[in-house]
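First listed ligand is number 1; within each ligand, the first listed atom is number 1.
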Amino acid sequence: MFENKNQRTELEILGEFGLIRHLAKSIHNTHPQTNKGIGDDCAVIDRGDVFEVVTTDMLLEGVHFDLSYCPLKHLGYKSVMVNLSDIYAMNGKPSHIVVSLGLSNRISLEAVEELYEGMNLACERHGVDLVGGDTSASRSGLVINVTAIGAVPKDKIAYRSGAGEHDLICVSGDLGAAYMGLQVLNREKKIFLENPNIQPDLTGSDYVVERQLKPDARKDIIERLASENIVPTSMIDISDGLASELFHICTASEKGCRIYEEKIPVDVETARHAEEMNINPTVAALSGGEDYELLFTIRQSDFEKVKDMKGVSIIGHITAASAGLALVDKSEHETPLKAQGWDGIINV
Ligand code: ADP
Ligand code: MG
């Protein structure tokens with residue numbers, strides 16, 4: 001199955017997506033019901049009258065979260081949301097989750113209760129039942145793995161691969177805030193470690209910090225699109241940054257794209273923090289990640305329905321693959337997009 005068994009190849013050379021592509025080559029699914037395996041936001045299983053969609057995401061202490069500034073209730077909430085976001089990214093409706101925990105001896109009963117308060121709140125808000133999981137001791141910090149299951153009517157499913165030339169590229173909400181929130185939290189932690197008498201100052205950072213600690217999956221956008229009878233031609237959720245997700249859509253759809261810098265939605269608080277920290281706000285939106293907004297394409301014929309839709313911005317269009325992927329700035333200068341979404345071997 002795999003060649004070169006005696007060789008040692010560092011995972012760094014492959015990167016996260018390279019590794020997944022490599023592993024995918026060795027996997028040969030046999031069920032005719034397996035409609036989509038590796039390669040989209042969810043696996044898709046044909047259940048006769050509907051498609052079932054399944055996704056899993058793992059959060060590790062020290063990699064994805066830092067317990068020194070991440071309240072456990074928020075962490076529980078976020079660990080469910082990041083999974084629900086992948087179900088919505090298929091245009092699906094989540095119904096169930098299972099939760100596995102690796103617990104270190106630093107975690108008390110009260111801490112686990114807090115974590116579950118957040119998970120229960122997320123489930124309640126999205127109409128999801130928590131139906132099982134697994135619990136183990138962990139020697140390397142807290143580990144949280146959530147698997148979510150949902151369903152989509154067969155004619156409503158949105159894959160990454162369906163974008164057509166001239167389709168309009170849309171994003172929900174605003175981008176870059178979660179990344180700026182992380183920068184603020186890291187800055188305050190550093191100040192606190194250097195001088196424990198100085199209390200963290202998060203005034204004026206409420207929005208960006210909340211976007212980092214407590215993201216909300218965009219159930220509302222999926223419902224709004226459905227109420228307008230719009231099925232996106234392709235969709236993905238923004239976990240790694242706009243640029244990386246555009247690459248996924250364009251690669252899967254064998255297309256290119258043009259997006260317009262001035263159309264990328266960035267909140268004023270995000271822009272202010274970015275400027276203060278000498279970060280270009282567009283770079284925060286393109287490469288920041290963890291926004292858990294939806295990136296999708298629609299047919300031009302749906303333009304009238306979407307142009308004034310609450311919480312949706314049209315940021316560009318799909319082109320032929322030969323045109324590549326590019327960002328057009330205010331002076332109409334084109335810069336090729338780089339997929340910068342990857343941050344080490346572990347999925348961020
Ligand atoms: P997302 O960011 O939407 O959660 P990922 O980038 O984590 O998606 O994963 C991309 C695809 O690779 C998905 O289809 C996922 O199921 C698959 N995948 C990720 N890790 C593994 C693995 N270790 N084995 C098999 N498939 C994997
Ligand atoms: Mg995703």
Tell me the nearest of G39, G289, A24, G37 to atom 14 (O) of ligand 1, using heavy-atom distances. G39
Is the shortest heavy-atom distance from the side chain of L213 to the side chain of F65 under 4.5 Å? no
Would T56 count as a polar contact of ligand 1, with the cut-off being nitrogen or oxygen pairs under 3.5 Å? no
With a cutoff of 4.0 Å, is E16 in contact with ligand 1, counting heavy atoms of the residue only? yes
Output the list of atoms in ligand 1 that are nearer than 4.0 Å to some heavy atom of S239, sorted by atom number. 2 (O)
Would you please say whether a donor-acceptor pair under 3.5 Å links the side chains of Y69 and N186? yes
Return the set of protein N, O or S atoms whose distance to the Mg ion (ligand 2) is under 2.8 Å, each given as residue and atom. D41 OD1, D86 OD1, D237 OD1
Hey, could you give me the CG/CG distance between N29 and N35, rounded to the nearest 0.5 Å? 11.5 Å
Run the numbers for me: atoms of ligand 1, each under 4.0 Å from some heavy atom of D57, listed by number. 4 (O)
Please identify which atoms of ligand 1 are closer than 4.0 Å to at least one heavy atom of R160. 3 (O), 8 (O)
When you check the side-chain N and O atoms of N83 and T147, is any donor under 3.5 Å from an acceptor? no
Salt bridge or not for K263 and E261, using N-O below 4.0 Å? no
Whether F17 and H248 hold their rings parallel, tilted or perpendicular, with breakpoints at 30° and 60°: perpendicular
Would you check, one step at a time, whether the test side-chain hydrogen bond (donor to acceptor under 3.5 Å, both in side chains) holds for S234 with T297? CA-CA 5 Å; S234 69; T297 54; 2.6 Å; yes
What closest approach, in Å, do T319 and C257 show between heavy atoms, and which atom pair accounts for it? OG1-N, 3.2 Å
Backbone, side chain, both or neither: what part of D86 comes under 4.0 angstrom of ligand 1, heavy atoms only? side chain
Within the 4.0 Å heavy-atom shell around I38, which atoms of ligand 1 are there? 12 (O), 14 (O), 17 (C), 25 (C), 26 (N)
Any heavy atom of E245 closer to ligand 1 than 4.0 angstrom? no
Can we say E269 and R211 salt-bridge, meaning some charged N sits less than 4.0 Å from an Asp/Glu carboxylate O? no
Hey, what do you get for CD1 (I298) to CD1 (I314), rounding to the nearest 0.5 Å? 5.0 Å
Near F17, which atoms of ligand 1 are under 4.0 Å from a heavy atom of that residue? 6 (O)
Would you say D40 and ligand 1 have an N/O pair spaced under 3.5 Å apart? yes
No-hydrogen, no-angle side-chain donor-acceptor test under 3.5 Å, Y207 and H273: no
Say whether S85 and D237, considering side chains only, have a donor N or O and an acceptor N or O under 3.5 Å apart. yes
Return a yes/no value for D240: is any of its N or O atoms, backbone included, closer than 3.5 angstrom to an N or O of ligand 1? no
